[in-house]
Protein chains: 2
Amino acid sequence: MNTESAPHAPTATRTAKALREVLEEDIAGGVYPPGTRLDEASLARRFAVSRTPIREALIELAASGLIEIRPRRGAFVREIGIRRLIEMFEVMAELEAMCGRLAARRMTPDEHARLVAAHEACARATESGDPSAYFEANGQFHEAIYSGSGNEFLAEQARALQSRLKPYRRLQLHVRNRVGNSFQEHEAIVAAILDGDDTRTEEALRAHILIQGERFNDFVASLRPRDGAS
Amino acid sequence: MNTESAPHAPTATRTAKALREVLEEDIAGGVYPPGTRLDEASLARRFAVSRTPIREALIELAASGLIEIRPRRGAFVREIGIRRLIEMFEVMAELEAMCGRLAARRMTPDEHARLVAAHEACARATESGDPSAYFEANGQFHEAIYSGSGNEFLAEQARALQSRLKPYRRLQLHVRNRVGNSFQEHEAIVAAILDGDDTRTEEALRAHILIQGERFNDFVASLRPRDGAS
DNA sequence: TCAACGGTTTTTGTATACAAGAAAGGAGAA
DNA sequence: TTCTCCTTTCTTGTATACAAAAACCGTTGA
């Protein structure tokens with residue numbers, strides 16, 4: 001497909017794109033924790049540009065839901081409460097399930113090959129015990145299913161949401177034995193798709209994603225004693 | 001809920017919001033047909049503002065997928081092929097089905113009342129034969145289900161997509177007897193929700209939306225003899 | 001001590017100015 | 001005539017300047 005609009009479709013200028021990507025990573029990476037105020041002047045100084053491209057990048061970030069722009073007040077890194085995160089995983093599960101159902105019916109032999117290749121990459125990463133390699137291969141695996149759905153709009157939606165959840169999914173791979181379990185779930189998904197069994201694929205994928213949400217939930221619960229969930 | 005961010009969550013400034021809404025309507029209404037180039041200077045003249053707020057509105061429109069910004073080339077109204085439109089309806093059907101499944105389980109008596117009220121408004125609009133009143137009441141009806149899902153993120157996604165499909169849904173209401181059929185489908189949906197039957201609600205809603213996509217497809221097919229579907 | 005008021009300062013929102021790339025149009029050669 | 005190259009013009013992208021609103025802060029009064 002086109003390399004232009006991978007996870008994020010709309011990019012105004014090249015520098016705004018670059019700015020947005022750096023800011024995304026910083027927000028995901030905790031450089032700007034939730035609630036942080038992103039003031040335009042500081043960002044302009046940091047990137048050695050004027051406020052104009054900064055503002056444009058902020059608007060894009062707001063559109064993707066990462067920050068919130070309160071008129072005349074400024075841009076704030078959005079608090080994503082556990083509640084909302086679980087909601088997002090629920091929706092993600094449904095989108096992936098839908099992709100899977102369609103992919104089981106529609107994938108071409110070529111696409112099957114790509115899926116299997118990604119699955120084998122996951123296998124190698126699992127054996128070598130390299131979580132970040134697994135994370136990467138896992139991305140390819142799911143991408144194969146998105147594009148295999150034959151519904152490009154659906155695929156775009158799935159990519160966009162996956163991208164928003166990326167930092168949390170990454171975190172969650174550190175949970176005990178999650179990589180191994182994830183790989184086994186993939187195994188079932190691949191089998192169902194190769195069988196062309198849409199219902200089985202759908203259910204396996206939904207469960208696969210929902211488990212991630214639950215594991216994440218457990219993980220968070222083990223960190224803090226209590227939270228008011230927005 | 002908050003009146004601030006109804007269908008679209010992120011709005012930078014108040015004037016950018018106003019600009020975006022007008023442009024959205026113009027694009028939907030055919031003032032700017034697909035492929036049209038939106039040059040900043042003309043828009044600035046039209047709205048009697050500088051290019052700055054225009055650019056910000058365009059970036060938001062690009063983020064919502066209505067236009068495409070090609071760097072250094074300008075903003076173009078996006079062509080939405082029949083193919084893509086059907087894909088969008090497919091996804092919408094799934095989102096609504098999910099809302100329905102959750103709503104059937106989770107809606108409070110208050111929310112039930114609001115749903116029924118919207119349904120009755122639909123009934124009045126059907127009897128009076130006023131399509132635009134029906135369109136409005138129909139929006140309330142679906143909104144009741146979105147917010148009744150108890151998953152605010154899901155509700156936001158549903159609203160956003162519904163907003164993008166709005167012009168096409170509106171068009172489609174002119175199809176012979178579509179309003180009457182739509183109302184009957186609502187009837188089944190309300191019954192299923194009041195019964196708390198999640199599976200029945202899910203299926204009724206999915207069918208309700210998919211039919212819209214199909215009817216729209218028929219409608220388009222009846223207009224042009226042939227199309228290459230991008 | 002605390003709350004309310006007013007002025008100062010900072011920050012956002014908008015307009016304008018400038019730079020650089022793309023499109024358009026014309027001149028010249030084949 | 002038609003293709004190519006170059007110049008001109010126009011449009012976008014970025015920087016800066018200005019206006020207005022919000023935040024800040026010290027003062028004053030109870």
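Numbers restart at 1 for each chain; the letters A, B, ... are given by sequence-line order, proteins then strands.
As a whole-Å value, the separation of A:F76 CZ from D:dA23 C1' is 11 Å. Put simply, CZ on B:R37 is 12 Å from C1' on C:dA24, counting in whole angstrom units. The CG atom of A:D39 sits 21 Å away from the P atom of D:dA21 (whole-angstrom rounding). Summarising the geometry, the separation between CD1 on B:I69 and P on D:dT14 is reported as 12 Å, rounded to the nearest angstrom. Remark: P of C:dG13 and CG of B:L19 are 14 Å apart, rounded to the nearest angstrom. The distance from atom CD of B:E56 to atom P of C:dT12 is 12 Å, rounded to the nearest whole Å. In this structure, CD of A:E40 is placed 8 Å from C1' of C:dG13, rounded to the nearest angstrom. For B:R55 and D:dT11, the CZ to P distance is 14 Å, given to the nearest whole Å.
Counting only distance, with no hydrogens or angles, the side chain of B:R20 and the backbone of B:E60 share no donor-acceptor pair below 3.5 Å. Listed for the A:R51 side chain is no donor-acceptor partner under 3.5 Å among the backbone atoms of A:A41. Distance alone, capped at 3.5 Å, is enough to place a donor-acceptor pair between the B:E87 side chain and the A:F153 backbone. Counting only distance, with no hydrogens or angles, the side chain of B:E111 and the backbone of B:T108 share a donor-acceptor pair below 3.5 Å. Of the possible donor and acceptor atoms, none in the side chain of B:R78 sits under 3.5 Å from a partner among the backbone N and O of B:A62.
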For each nucleotide in nucleotides 17-22 of chain C, reading 5' to 3', give B when a protein heavy atom comes within less than 4.0 Å of its base, S when such contact involves only the sugar-phosphate, and - otherwise.
B--BSS
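Here A:H112 and A:H119 keep their ring centres 6.0 angstrom or further from each other.
Contact check, A:S50 against D:dT14: no side-chain N or O comes under 4.0 Å of OP1 or OP2. Between A:T52 and D:dT14, a side-chain N or O to OP1/OP2 separation shorter than 4.0 Å is absent.
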